[in-house]
Amino acid sequence: MILCLTWTMSVWASDDAELPEYFSGLRTLGMFQVAEEYAVARLAEPDVSAVQRAILSVELSKLLASHAAEATSETEAAELWSRAEEVISPLLPETDHPRWRAVRARQSTLLCDRALASFWGCQLDPDSEAKREAALAVTVSALQSLNSAVTEIGDTAKASKQRAGTGDRRAKSSTGVDRKPEPAMSSTEKRKISDELEYLLLRMTVNKGRLLPSGPDRVAALVDADQLSEKLVKRVNSDFIWPIRLVRAETMRWLGDPDRAIAYLKSLRAVDLDPEVADALAAEQTRSLLAAGKPAEAMQSILDHGQSKPAQNEGQLSSELRAILVECLLASIPATQGKGATLIDEDLWKQATAQQQLIFGPWRTYVDALLARSGESRQYGDQLAAIVREGRLATQRRDWPAAADAYSRAARQATSEGKSEQAAEFTYMQASLAIQAEHLDQASQILRDFQARFPQDHRVVEADMLMAWTLGRLNADHPTDARRAEYLSKLKDHVAKYPDSPTIHEAQWSLAVDAIQHREWAAAVDALESIPSDHARSIEAQAQLPYCYEQRLAAITEVSARNAWEERALAALQKQYASWPKPPAGWSLTQAENALRWARLLLRLDNRRYNESDQLLIQIQNSREVDAREVARDGSKLDPMWDRLMPAVTQLRVISLAGMGRMSEAEKLFESATASSVNELLPILSGLSELASGLDEPSRRHLGRIQLAAARRLVQQRSNLAPALAGLADRCLADAYVATGDLPEAITLYESLLKVNPRDRGLLVTIGTLSLQRGKPEDLKRAKGIYRQMETLDPPGSPTWLRNRLTVAQISHQLGEDAECTKLLKVTRILYPELGGAALKAEYAALESQLSTKP
């Protein structure tokens, strides 16, 4: 089809007079790309004449403008409008060009195109003040441009006549070379341009009046349009006569005299009209009847028009006429209200929505908005709907305070009208908007009032949870003990008050998150385990559970309590494991990640579960292979997270195998996993010593030697590593020295790393612990300095700070510096009498007792 069109256009290209009509046809069909490619190709031809260039440029500008008006993206539309202007710009300075009149006119009509598109956008969104102001601004600019164009074209025409009278035919080019005269525009073409500009002056003047707010300026603009239309209908006799007549009737209607418009339209001789003009005439007649308060006659007018069409199109209506029919149906509804005609109201509404389904394009958007506004009026009543509309528009502008104020007034109005359900709806909306505006205190109070005023509302449970959320946000933004206590109290109250609501699990999740943040591991475990496996938070809860158990166990020193928590952790693991697929099926990546966390926990229990850990790790490896086979069959790629998981799996398997006494297998696995590259060796070595600390002494020493050999191999490539990886390699080597019992070498290496990162808490703890472990005087002095340095990392008086201060005092006592030790204890007790709680206070007291009993 495109080839056929291109060939046809090439045939017509020699006839310049046919180009405008041809491009108009393509614009009507929406074939913008085909027409644009043809126009651009023709303009690029070296032998294109000046007249052809002007015609093609004007038509291309119209084409781009039509495309811009239908663009769905603001960015695309802006680009097309800009190109439409750029196409004609080079021709504007050539005032002696035979087609300059058409080019200059196009400059103004292009701005009118933009104004009309903006005006239409305003009709589709009549509640948008921003769109109305933008449309008014571009309409005023278009009017100014039209007036300037009319003046300039007139002045240029006079100058041309004067030149003609003096014999100046402009037959030579700027280089002095004779050129063939280009054909001038015919009088018909000139008249058509003049009529188009005058019609657009009228159209823009009416649009200006419609866009202006009610008041003297609006009336003045419409009166100007009325007077201008009266003049134009007398002197215009071209294709623009019917558009001018219709705008004249429209002006009468907008001046508040629809009867005059109806009489004027009836006086016109409307025979043998083009179908589009006939539809436009029917539309204006119907709107005038509707404005005169005669919706039934208006509807009949539309139906009569549909039946008057040729047999093959009888009854078919344009989208515009169907949109007006919807307006007629909606306008008929208020006339029946209060007269016991509820069934008629519903029937009219159903007919309107049925017509909606038959409307397409921009008119469908217009009708959608129309029905939405009418629906609000039906639902709330006119007065309340106006307030709701105000709130909705403010919400669209993201003006949260204004929107919240509107819905607050809507709630009060609904209450005064006895509409409790709607008052609840608007109050809840007000709370939501207060949250959007970050007015959390206000939102919390509104939600509290909502629950008190509307206890039976279906949103009361959701409001209670939302109130808890606001309290949580307030505490997160400005944490205090009182705020946190209120937040936790509300969450617990929600769980107790609404045990059958799904929202309690969201509350339990929030309790878990707060407990994790405050390192309250027992409370975190309780909350996480209360979330059922089919809840949306279940995956997150299961992922957090092994970590929380690990932290809880690390904080317990009493044997029986620790054993009880270990049993509970194993039961939680068994519960999760029971829900995962069994071999030969594989686990999902999420399940595999969780299994890895549990495997790590099993290796940290007092009674190490090496075998159970290894079984989990083997199944993770098998799951990766299953997933790899499945994606290979599908032709897709394996999730890269699987490969990021494998070094940790290998690391834990090495420990599990060593713990089961299968050291040769552990060594073989380690060697095969780390033989190829540094990228595989580093993550396996990192942290291996800490995990191996639970092994028996022979196994730990054996694994340490393997680890040391690998670390030395790694350090040999240190010069090829990035600084961060080089530091990690040094740390792995230091860990290996610890694993083999070479503490002096380890401490020296750790100290070199500390110089690069002097506030690395992990390094400080490691050096301090190893120094105390060796226990020689020089080691104790080093440890004392380390713990003094660690005091600077925490707020004075905090539990961690008090623990480090106690360690400094204990080391001073070990070094025989009892005077300093006594002074430290005395000053600390005076400044912080609570000493971080009962347990830590007892340790301070024990050291003081040692000092007092020393001879």
Side-chain angles (χ1 to χ4, degrees), residues 105 108-109 111-120 122-123 135-136 138-151 153-154 190-274 276-292 298 301 320-321 324:
S108 294
T109 59
L111 194 53
C112 292
D113 289 342
R114 296 197 71 164
L116 288 168
S118 187
F119 179 82
W120 177 247
C122 195
Q123 302 310 297
L136 179 59
V138 71
T139 300
V140 170
S141 296
L143 278 168
Q144 293 170 346
S145 180
L146 286 167
N147 283 309
S148 297
V150 170
T151 301
I153 289 172
K190 293 176 182 178
R191 186 62 202 171
K192 185 175 181 180
I193 288 175
S194 177
D195 288 348
E196 181 182 15
L197 293 178
E198 289 189 313
Y199 162 70
L200 288 172
L201 271 171
L202 175 61
R203 178 73 269 171
M204 292 297 106
T205 304
V206 175
N207 285 5
K208 175 185 173 183
R210 290 178 59 177
L211 290 167
L212 284 167
S214 297
D217 290 342
R218 177 188 176 97
V219 174
L222 292 171
V223 168
D224 288 344
D226 187 42
Q227 293 172 352
L228 179 59
S229 68
E230 187 176 10
K231 295 176 183 178
L232 292 180
V233 293
K234 294 177 181 178
R235 71 168 183 252
V236 172
N237 187 21
S238 66
D239 293 341
F240 290 97
I241 185 59
W242 271 105
I244 290 171
R245 287 170 177 170
L246 295 176
V247 175
R248 177 160 173 70
E250 178 187 343
T251 305
M252 296 174 185
R253 174 164 54 85
W254 282 102
L255 278 169
D257 197 352
D259 290 333
R260 180 180 167 217
I262 294 168
Y264 172 72
L265 291 169
K266 285 182 178 179
S267 71
L268 299 175
R269 183 174 178 273
V271 293
D272 298 329
L273 295 179
D274 180 270
E276 289 186 7
V277 175
D279 280 350
L281 175 60
E284 186 51 46
Q285 288 172 330
T286 306
R287 288 192 175 102
S288 297
L289 288 167
L290 193 57
S301 174
E320 180 181 9
L321 286 169
I324 301 171

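Values in this document were obtained by computation on a predicted structure and should not be read as measured data.
Checking side-chain atoms of Ser288 against main-chain N and O of Glu284 turns up a donor-acceptor pair under 3.5 Å. With Asp226 contributing its side chain and Leu222 its backbone, the two residues share no donor-acceptor pair below 3.5 Å.
Using a 4.5 Å cut-off on side-chain heavy atoms (C-beta onward), Leu200 and Ser108 make no contact. Contact annotation: the side chain of Leu146 never approaches that of Val150 to less than 4.5 Å [non-hydrogen atoms, C-beta and beyond]. Counting heavy atoms from C-beta on, the side chains of Leu232 and Ile241 never come closer than 4.5 Å. Taking 4.5 Å as the limit, every side-chain heavy atom of Ser118 sits out of range of all side-chain heavy atoms of Thr139. Val223 is not listed as a side-chain neighbour of Thr251, based on a closest heavy-atom distance of 4.5 Å or more. Using a 4.5 Å heavy-atom cutoff, the side chains of Met204 and Leu116 are in contact. Contact check for Val247 versus Ser229: no side-chain heavy atoms found under the 4.5 Å cut-off. The side-chain heavy atoms of Val206 and Arg210, taken from C-beta on, include a pair separated by under 4.5 Å.
When all heavy atoms of Glu320 and Ala283 are compared, the pair lying nearest together is OE2-CB, 3.9 Å.
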For this session: Take Arg287 and Glu250 through the test salt bridge (charged side-chain N to carboxylate O under 4.0 Å, His left out) and record every step on the way to the result.
Result: CA-CA 9 Å; Arg287 288 192 175 102; Glu250 178 187 343; over 6 Å; no
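Under a 4.0 Å N-O distance rule, the pair Lys231/Glu198 does not qualify as a salt bridge.
Note that Arg248 lies in the cation-pi zone of Tyr264, set by a 6.0 Å cut-off to the ring centre and a 45° limit from the axis.
Atoms CG and CZ, on Leu228 and Arg203 in that order, are 12.0 Å from each other to the nearest 0.5 Å.
Put simply, the residue from Asp259, Leu265, Ile262 that forms a side chain to side chain contact (heavy atoms under 4.5 Å, CB included) with Leu289 is Ile262.
Take Tyr199 and apply the ring-ring contact (aromatic ring centres under 6.0 Å, His included) test, not counting sequence neighbours, and it matches Phe240.
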